[in-house]
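For reference, the structure is listed below as structure tokens.
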Amino acid sequence: MAKTAIAYKEKMKEISVLSLICSCLYPETRKNIMGDFEDMDIKPINKRASGQAFEVILKPSSPVSDVAHCVTTPPKRDLSLEDIQKKLEAAEDRRRSQEAQVLLALAEKREHEREVLLKAMEENSNFSRMAEEKLQMKMEQNEENRMAYLAAMMERLQERERHAQEVRRNKELREEVTA
């Protein structure tokens, strides 16, 4: 199965993308191209609504090509106790390093969260202070306006009282003159 897949991959590399596109666009040239490969048969399938379809059939590989594709694995050497210990120590060092990196990233994230919270608290307190100052100024302005309004009302009342006294005096003087 693996040899068949390898042969298929090699043949697919040989087929250029341009020839595949041309075979889809120009059916008369596709008939000439189909079946030109020695290890592969390409059969067109009935055209479908979604596009052109074809079937690629791989021929069994020849015995000569089996030898060419056989790859030998390097011989395994026996691992000694020291080699195993070194590998375990290296793995432990990697694990510790990774844990340290994770802890460092978490610490940085917490520090960033703390900074964001402090900044938010500072902005909130600044906003509260500014709102309080604004409210205080508004209340002072309202108090000044109220006092000015009351002073103006008192002034008008006093003026009316003076005018009323003057009118009474004039009335008394007229009564004395006419009497």
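Every value quoted in this text rests on a predicted model; they were computed, and no experiment measured them.
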With rounding to the nearest 0.5 Å, note down the distance linking [atom1] in [X] to [atom2] in [Y].
| X | Y | atom1 | atom2 | value |
| --- | --- | --- | --- | --- |
| E144 | M137 | CD | CE | 10.0 Å |
| L135 | M139 | CG | CE | 6.0 Å |
| E159 | L157 | CD | CG | 10.0 Å |

Run Q101 and S97 through side chain to side chain contact (heavy atoms under 4.5 Å, CB included) and show every step you take. CA-CA 6 Å; Q101 288 176 350; S97 172; 4.1 Å; yes
Decide if atom [atom1] of [X] counts as having more than 12 heavy atoms of other residues, nucleotides or ligands within a radius under 6.0 Å.
| X | atom1 | result |
| --- | --- | --- |
| R129 | CZ | yes |
| E155 | CD | yes |
| R162 | CZ | yes |
| E132 | CD | no |

Who pairs with [X] by salt bridge (charged side-chain N to carboxylate O under 4.0 Å, His left out), at least two apart in sequence or on another chain?
| X | result |
| --- | --- |
| E82 | none |
| E111 | R114 |
| E108 | none |

Using the side chain to side chain contact (heavy atoms under 4.5 Å, CB included) rule, take Q98 and R94 through it: C-alpha gap first, then chi angles, then the decisive distance, then the call. CA-CA 6 Å; Q98 188 177 14; R94 285 192 303 271; over 6 Å; no
Other than Y149, what residues sit in its cluster of Ile, Leu, Val, Met, Phe, Trp and Tyr side chains whose heavy atoms are under 4.5 Å apart, directly or through others? M153
Report the hydrophobic cluster partners of L106, with the cluster defined as I, L, V, M, F, W, Y residues connected by side-chain heavy atoms closer than 4.5 angstrom, directly or transitively. V102
Please check if the side chain of S128 supplies one atom and the backbone of N124 the other of a donor-acceptor pair under 3.5 Å. yes
Does H163 reach the side chain of R160, with side-chain heavy atoms less than 4.5 Å apart? no
Side-chain heavy-atom pair N145, Q141 within 4.5 angstrom cut-off: yes
Using a strict 4.0 Å threshold on nitrogen-to-oxygen distance, state whether [X] and [Y] make a salt bridge.
| X | Y | value |
| --- | --- | --- |
| E172 | R168 | no |
| E176 | R169 | no |
| R96 | E92 | yes |

Please enumerate all residues that pass side-chain hydrogen bond (donor to acceptor under 3.5 Å, both in side chains) together with E143, with sequence neighbours excluded. none
List the steps, then state whether salt bridge (charged side-chain N to carboxylate O under 4.0 Å, His left out) holds for E115 with K119. CA-CA 6 Å; E115 288 174 1; K119 186 175 179 182; over 6 Å; no
Show your working on salt bridge (charged side-chain N to carboxylate O under 4.0 Å, His left out) between E99 and R95 and close with a plain yes or no. CA-CA 6 Å; E99 283 180 3; R95 185 187 61 78; 2.4 Å; yes
